[in-house]
Amino acid sequence: MNPFDDLSALVTAALGQLQAQGVLPEGQDLARVQVEPPRDAAHGDAATNAALILAKAAGAKPMDIAAALAVALEGAPEVDAAVAAAPGFVNLSMRRSFWLRRVPDILAAGALYGRSDQGGGQKVNVEFCSANPTGPLHVGHARGAVFGDALSSLLQHVGYEVTREYYINDGGAQIDTLARTIHHRYREALGMDVGPLPAGYYPLAELVPVAEAIARRDGDRWVMAPEEEWLEAFGQEAVQAMMRRIKGDLAALGIHHDVFSSERRLRSGGEVDAALARLDEQGLIYEGVLPAPKGKPIEDWEPTPQLLFRATAYGDDIDRPLKRSNGAWTYFAADLAYHFDKYERGFNAMIDVLGADHGGYVKRMQAGVRALSKEEARLDVMLCQLVKLMDGGQPLKMSKRAGRIVTLKDVVDEVGKDVFRFIMLTRKNDAALEFDLVKVKEQSKDNPVFYVQYAHARISSVFRNAAGEGIETGPPALMAADLDRLSDPLELALIRQAAGFPRIVTQAAEAREPHRIAFFLHELAGQFHALWTTGKERQELRFIVAEDAGLTAARLAMLAAVQTVLAAGLKLIGVEPVEEMH
RNA sequence: GCGCCCGUAGCUCAGUAGGAUAGAGCGUCGGAUUCCUAAUCCGAAGGCCACAGGUUCGAAUCCUGUCGGGCGCACCA
C-alpha cells in the first residue's frame, strides 16, 4: 500500500545483488538505509542513502557503491532511471505506471487507506483530558483533548488496539469544597439568607440546579446536619453534574472516551494498598525525610518523616512522598494505583497526555510504572504546551475570580468543531500555541481547515457536474478507467502526493505527532487547487473533457482518489469533509 | 539553584527519526475570473535556522556551553 515500502524492497533487492556479486560484504546492517522522497523533486521520486551508510563497512568509496547500486536498480521493474549523485545518493525515477496504479489502490481502500498493522494489535491505553471535575472545560484542556483523540485515531489506523481513557480526579480535598459549595447553594435554595459565596468556593452555575434538586428531594434535613453526614454524598452529586457537563463539552468536539476511571473508587477500593504492596515487596518503599525543596522557600516547611517511594531507583531526581502528614494518600499514590490498574487490565503500553504544567510529574510516574510492572509496561507522556489565549492581539488572562473563563463550549459554539480541532493540530504538541479569539472568529475564512475542506468540496462539485452531463461516475466506471491517459506532470505530482499518505500516517503514528496529518492535508489540497486553476488557463487540463470520455474517466478516477485521501486524513483528525462550501 | 520544553522570514508556525539549493500561511508588492465554486491560483521581496564550540561524508536536526522565553521544583490536583 505504501509506495515507499515497494521502493525499499527494490533497494534491498538491489543491495542483495551487490552482495552476491561481491561488491558489498554479506551481513550488513541495513537498519539505517532509507528510501525517501527527495526534498527537491528534480532528484526524482525517491532517493536512498544506502551507499553512504554502507561505504565504511565495505571499505569502498560511497560514489563507487552508489554507481554500482544505480546499475543494479536500473534493471529493476518499473524503474525509469537510477543515477548516483554526490556524495553518494542514488536517485530513483519510476515509470508512470508505478504511480498510476496507486489510484485504484486508493479507491479500493477508501477510508481505510493508509491503514497498516505496524501496531500488531498491541493494546495501548491513551489517557487524555483528565480535567478536574470542578468546572467546565476551557480552551487549555481542549488542546490535550483534541491531541489525545487524534493520536488515538492515528494509532488505531496503524493497527493498535486503543482505549481512550479519562481519569476523574474525584478523590481530593477539592471535592470537599465542591460539596460545601453545594451545601451553601442548597441552603440558598431553601430561601435562607446565606450571604455571598465564601472565598474559595466554586461559583459554578451548574451547581445551583444540583442543590435545588436536593432541596426539593430532602427538604431541610441537611441544614443543621454535621458535615460528615452529607459531605461525601453532596460531593458525588456535584462530580456527576460536572462530568455530565464535561462529557457534553467533549461530545461537541466529537470526542468520546471508552473508559472513565474514578480516583475515589481506587482509593476506597483498596487498590492503593495493592499497588504499594507490590512496590514494598521490591523494597521500594521506606520511611524517610526529604531534603528541603530548593526553589521558593516554604514558610512552614519542617523536616518530617514520610512514607516514600524510591523513585530514584528508576531515574527520578528525588524519592516521592506517598502519604500526607494528615495520613491520607497523596495524589501520586492514587495515580500509582491507577497506572497499576491499567497494567493489570493488560496495557503494557500507556500514553498520558498532560499539560506542560505537569512536566515535573513525568519522571516519577514513569518510574512508578516501570517498578509496578517490573519493567514490562512502558509509560509515555506527551506534554501539550499551554494555550496562549489572545484577544485581538492582547494576551487574555483567565481568572476564575473575575469570571473571565473562556470555556471550550463558548469557543466551539462560535467557530465550530472543525475549525477548532484543526487549529489545535496546526502546532506541534510541545510548542506553545497562540489562540486568538478575535482572529479565529473574524478571519475564519483564512483558516487552513477551509482550504482543505474546499478542495474536498470542489471535487464533489466536479462529480456533480459530471453526473449532470450524463457521465458515469460510479466506482465501477472509475476503477475501469484507463489511467494511462494521465500524463501531465501536474497530474502525476498530485497522485504522488496522495499516494504519500500511508507513509505520513506511519511516521505520524511512530512520532506520535498527529499534526503531521493536518500539514499533509494542507499540502495535498494545495496541489489540487493549483491543478484546478491551471485548468482555467489551459483548457486541455480541465477535468471534464466533453469530447474525450476516456480522458475524463481517468481524471475523475484521479480526483476520486485525491478526495478519498482528503476524507481519510480529515477523519483521522476528526474533521468533517464537506460536499460544498456555503 | 536544579529539571523539562521552546528559540527558524515582519507575524504565526512546518521542516518528513542526520541528507542535496531551509518551506508554508498571514502580512507587503505585482498579476490571473466568458469557462468544473476566486473561501482559489501565479509571481516578487523577505533568513548568520538565538550564539559559540564539538561529533561526521553531511547538522536547523545529535552532544557541550552561553544567552533569551515558558513550565515545574515536600505533605495540591
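By convention in this document, chain letters (A, B, ...) are assigned in the order of the sequence lines, proteins followed by strands, and residues within each chain are numbered from 1. On a predicted model such as this, the values are computed, not experimentally measured, just so you know.
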Q: Once salt bridge (Lys or Arg N to Asp or Glu O under 4.0 Å) is applied, do any residues pair with A/R503, and if so which ones, sequence neighbours excluded?
A: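 So A/R503 forms a salt bridge (Lys or Arg N to Asp or Glu O under 4.0 Å) with A/E36.
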Q: In whole angstrom, give me the gap between the C1' atoms of B/rU55 and B/rA77.
A: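 It comes out at 43 Å once rounded to the nearest Å.
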Q: For A/A311, does its backbone N or O pair with a side-chain atom of A/D319 as donor and acceptor, under 3.5 Å?
A: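 Checking the backbone N and O of A/A311 against the side chain of A/D319, a donor-acceptor pair under 3.5 Å is found.
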Q: Please name all residues satisfying side-chain contact (heavy atoms from CB on, under 4.5 Å) with A/A82, sequence neighbours left out, ordered by chain then number.
A: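 Listed in chain order: A/A70, A/L73, A/E74, A/V79, A/V90, A/L92.
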Q: Rounded to whole angstrom, note down the C1' distance from B/rG27 over to B/rC11.
A: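 After rounding to an integer number of Å, I get 7 Å for this pair.
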Q: Which donor-acceptor pairs under 3.5 Å do side chains of residues 58-65 of chain A form with protein atoms, sequence neighbours excluded?
A:
none

Q: Between A/N49 (side chain) and A/Q34 (backbone), is there a donor-acceptor pair under 3.5 Å?
A: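 Side chain of A/N49 to backbone of A/Q34, a donor-acceptor pair under 3.5 Å: yes, one is there.
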Q: Just how far, in rounded Å, is C1' of B/rG3 from OH of A/Y314?
A: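 In whole Å, B/rG3 C1' lies 22 Å from A/Y314 OH.
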Q: For A/L290 and B/rA74, what is the distance between atoms CG and P respectively, to the nearest whole Å?
A: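 It works out to 10 Å between those atoms.
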Q: Mind checking ring-ring contact (aromatic ring centres under 6.0 Å, His included) for A/F4 and listing every partner two or more places apart, or none if nothing turns up?
A: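 Residues passing ring-ring contact (aromatic ring centres under 6.0 Å, His included) with A/F4: none at all.
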Q: Of the residues in residues 353-369 of chain A, which ones touch RNA chain B at a heavy-atom distance under 4.0 Å?
A: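 Within residues 353-369 of chain A, the residues near RNA chain B are A/A356, A/D357, A/H358, A/G360, A/Y361, A/K363.
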Q: Output all residues satisfying salt bridge (Lys or Arg N to Asp or Glu O under 4.0 Å) with A/D352, sequence neighbours left out; order by chain, then residue number.
A: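 Partners of A/D352 under the salt bridge (Lys or Arg N to Asp or Glu O under 4.0 Å) test: A/K342.
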Q: Go along nucleotides 13-20 of chain B 5' to 3' and tag each nucleotide: B for a protein heavy atom under 4.0 Å from its base, S when only backbone or sugar atoms are that close, - otherwise.
A: SSSBB-BB
Q: Give a yes or no answer on whether the side chain of A/Q118 reaches the backbone of A/A509 with a donor-acceptor pair at less than 3.5 Å.
A: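 Looks like no, no N/O pair under 3.5 Å.
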Q: Looking only at atom types and distance, does a side-chain atom of A/R310 sit under 3.5 Å from a main-chain N or O of A/Y286, one as donor and one as acceptor?
A: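 Checking the backbone N and O of A/Y286 against the side chain of A/R310, no donor-acceptor pair under 3.5 Å is found.
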Q: More 5' along RNA chain B: A/V462 or A/Q306, using each one's nearest nucleotide?
A: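 Its nearest nucleotide being more 5', the pick is A/V462.
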Q: Say whether, by atom type as modelled, one donor and one acceptor occur between the side chain of A/N91 and the main chain of A/G44 under 3.5 angstrom.
A: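 No: the side chain of A/N91 does not pair with the backbone of A/G44.
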Q: Considering only atom P, compute the distance from B/rG47 to B/rC36 and round it to an integer number of Å.
A: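 Result for the P pair: 40 Å, nearest Å.
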Q: A/E580 near the nucleic acid: base, sugar-phosphate alone, or nothing, with a heavy-atom cut-off under 4.0 Å?
A: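 The answer is base, as A/E580 lies within the cut-off (heavy atoms under 4.0 Å) of a base atom.
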Q: Between the protein and nucleotides 40-42 of chain B, which nitrogen or oxygen pairs are less than 3.5 angstrom apart?
A:
unit_1	atom_1	unit_2	atom_2	d
B/rU40	O2'	A/R458	NH1	3.2
B/rU40	O2'	A/T533	OG1	3.4
B/rC41	OP1	A/Y451	OH	2.2
B/rC41	O4'	A/T533	OG1	3.0

Q: How far does the P atom of B/rG10 sit from the matching atom of B/rG72, given to the nearest Å?
A: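 The same atom, P, in both gives a distance of 31 Å.
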Q: Mind checking A/E302 for me? I need base, sugar-phosphate or nothing, with any heavy atom below 4.0 Å counting as a touch.
A: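 Touches a base.
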Q: Would you kindly give the CG-to-P distance between A/L266 and B/rA77, to the nearest whole Å?
A: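 About 14 Å, once rounded to whole Å.
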Q: Relative to A/F309, does A/R364 satisfy both conditions: NZ or CZ under 6.0 angstrom from the six-membered ring centre, and within 45 degrees of the ring's axis?
A: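 No cation-pi geometry.
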Q: Rounded to the Å, how far apart are A/F422 CZ and B/rA24 C1'?
A: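 Computing the A/F422:CZ to B/rA24:C1' distance gives 12 Å.
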Q: Toss me the dot-bracket line for RNA chain B: Watson-Crick and G-U wobble, both under 3.5 Å, 5' to 3', using | for pairs to another strand and [ ] for crossers.
A: (((((((..((((.....[...)))).(((((.......))))).....(((((..]....))))))))))))....
Q: Identify, with sequence neighbours excluded, every residue that meets ring-ring contact (aromatic ring centres under 6.0 Å, His included) alongside A/H522.
A: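 Listed in chain order: A/Y451.
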Q: Which value, in whole Å, describes the distance between the P atoms of nucleotides B/rA9 and B/rC71?
A: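 So the two P atoms sit 22 Å from each other.
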Q: Need to verify one output field. Residue with the more 5' nearest nucleotide on RNA chain B, A/A328 or A/L531?
A: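 So the residue in question is A/L531.
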Q: Quote, to the nearest angstrom, the C1' distance that separates B/rU28 from B/rG1.
A: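 Their C1' atoms lie roughly 47 Å apart.
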Q: According to the ring-ring contact (aromatic ring centres under 6.0 Å, His included) rule, which pairs have a member within residues 44-64 of chain A, sequence neighbours left out?
A: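 Listed by first then second residue: nothing to list.
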Q: Rounded to whole Å, please give me the gap between CE in A/M63 and C1' in B/rC57.
A: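 To the nearest whole Å, that distance equals 12 Å.
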Q: Tell me the interatomic distance from A/N447, atom CG, to B/rU12, atom C1', rounded to whole angstroms.
A: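 Whole-Å distance recorded here is 12 Å.
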Q: For residues 422-431 of chain A, which side-chain N or O atoms pair as donor and acceptor with protein atoms under 3.5 Å away, sequence neighbours left out?
A:
unit_1	atom_1	unit_2	atom_2	d
A/T426	OG1	A/I423	O	2.7
A/N429	ND2	A/L383	O	2.9

Q: Test your reading of the model: is there a side-chain donor-acceptor pair from A/Q385 to the backbone of A/L433, 3.5 Å cut-off?
A: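 Between the backbone of A/L433 and the side chain of A/Q385 there is no qualifying donor-acceptor contact (under 3.5 Å).
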Q: Taking the same atom, C1', in B/rG46 and in B/rA22, what whole-Å distance lies between them?
A: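 Pairwise C1' distance, B/rG46 against B/rA22, rounds to 14 Å.
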Q: Taking atom P of B/rA74 as reference, at what distance in whole Å does atom CD1 of A/I318 sit?
A: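 Taking atom P of B/rA74 as the reference, CD1 of A/I318 is at 7 Å.
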Q: What's the gap between B/rG7 and B/rU66 when it is taken at their C1' atoms, as a whole Å value?
A: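 Roughly 14 Å separates the two C1' atoms.
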Q: Taking CZ from A/R320 and P from B/rG72, how many angstroms apart are they, rounded to a whole number?
A: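 Answer to the nearest Å: 15 Å.
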